[in-house]
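A, B, ... follow the sequence lines: proteins, then strands. Residue 1 opens every chain.
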Amino acid sequence: MTADSLALFLAQSSWTSSLTTEEAARVRRAITLRSYPAGGAVFAKGTPTAHWAGVVEGMLKLDNITAEGRTSTFAGVPSGAWFGEGSVLKDEPRPYAVTALTDSVVALLPRSEFLRLLHESHPFALWLIGQLNARLAHYVALVQSDRLGDTTAQVAHSLSGLFNDALFPNTARRITLSQEELGRLSGVSRQVANRALQELQDRGAIRLGYGSIEVIDLKILQAIAREG
DNA sequence: ACATTAACGATGA
DNA sequence: TCATCGTTAATGT
């Protein structure tokens, strides 16, 4: 990973446009990049939250594992997204495990730099409020789809969430994500996810590939996510 | 009803 | 060769 790709990634991250030149330069110096293989652990649950993290390449998932070994995946994080600001703000240990779903590159901004931006940059603070608000809206919609929607709507919602423009502005149309992982993300079995995805494909929202999903019509996908 | 797990063969990378 | 996909059967709530 080169310094150029970090510069490109930061240029595509919307919050950097609100920074002064000096702030942007300081951020660039403070960030470290790390690579993870598919299946690799990015952060273990319960470890101190020392960084705010951005996904430069690949895709991560955030999940919890119960003592009995059952897992609950509650978020997928595609490339272009930043996450973990909640735990940085609260200064709490990571409340979830973070795992790379595909080979991934992650940018790490130390907590001290994040807090400095928050205190010194009014535009950054405003951007952060918008980010938290978009996340809240996403989970409000998730509860609604979970309570009222059929399984196809639930799968459509989980999938369309990865293409939420407010949260993930740069997600590519085609993402590398197995049906098993999407099932985990949607809270359904692989078999049910498979049927739902085929229905979404029949309705012209997506195209299925081997180990990948391509969104053909996001509007249709979002409409199906709201059905119920 | 409808979801889940288990199991199978087929197939793509 | 191995992961992933599509499908079916048995089982549970």
Undergrad: Whole Å only: how far is the OH atom of A/Tyr210 from the P atom of C/dT4?
TA: 6 Å

Undergrad: As a quick check of understanding, evaluate salt bridge (Lys or Arg N to Asp or Glu O under 4.0 Å) for A/Arg26 and A/Glu120, giving each step before the final call.
TA: CA-CA 13 Å; A/Arg26 210 176 58 220; A/Glu120 293 182 359; 3.7 Å; yes

Undergrad: Does a side-chain N or O of A/Ser178 approach OP1 or OP2 of C/dA3 to a distance below 4.0 Å, or not?
TA: no

Undergrad: I need the CD-P distance between A/Glu199 and B/dC2, as an integer number of Å.
TA: 12 Å

Undergrad: Which whole-number value in Å describes the distance from A/Gln179 CD to C/dG6 P?
TA: 5 Å

Undergrad: As a test of reading the structure: which of C/dC5, B/dA3, C/dT7 is closest to the side chain of A/Gln191, going by heavy atoms?
TA: C/dT7

Undergrad: Nearest of B/dA3, C/dG6, C/dA3 to any side-chain atom of A/Val192?
TA: B/dA3

Undergrad: Calculate the interatomic distance between A/Ile206 atom CD1 and C/dC5 atom P; express it in whole Å.
TA: 11 Å

Undergrad: Is the centre of the A/Phe74 ring less than 6.0 Å from the centre of the A/Tyr96 ring?
TA: yes

Undergrad: Are A/Leu117 and A/Leu89 linked, directly or through intermediate hydrophobic residues, by side-chain heavy-atom contacts shorter than 4.5 Å (ILVMFWY only)?
TA: yes

Undergrad: Just wondering, more than 12 heavy atoms not from A/Glu113 lying within 6.0 Å of its CD?
TA: yes

Undergrad: What's the CG-P distance between A/Leu208 and B/dG12, to the nearest Å?
TA: 14 Å

Undergrad: Between A/Trp15 and A/Phe124, what is the ring plane arrangement, given parallel below 30°, perpendicular above 60°, and tilted in between?
TA: perpendicular

Undergrad: Looking only at the side chain of A/Gln198 (C-beta and beyond, no hydrogens), which of the listed nucleotides B/dT4, C/dT7, C/dT4 gets closest?
TA: C/dT7

Undergrad: Assign each of A/Arg195 and A/Glu180 to its nearest nucleotide of DNA chain C by heavy atoms, then name whichever residue's nucleotide is nearer the 5' end.
TA: A/Glu180

Undergrad: Give the rounded distance in Å between these two atoms: CG of A/Leu177 and P of C/dA3.
TA: 17 Å

Undergrad: Could you tell me the separation between the CG atom of A/Leu182 and the P atom of C/dA3, rounded to a whole number of Å?
TA: 20 Å

Undergrad: Within the structure, does a side-chain N or O atom of A/Asn194 lie under 4.0 Å from either OP1 or OP2 of C/dC5?
TA: no

Undergrad: Can you figure out which of C/dG6, B/dT4, C/dT8 approaches the side chain of A/Arg190 most closely?
TA: C/dG6

Undergrad: Could you tell me how far apart A/Asp103 (CG) and C/dA3 (P) are, to the nearest whole angstrom?
TA: 14 Å

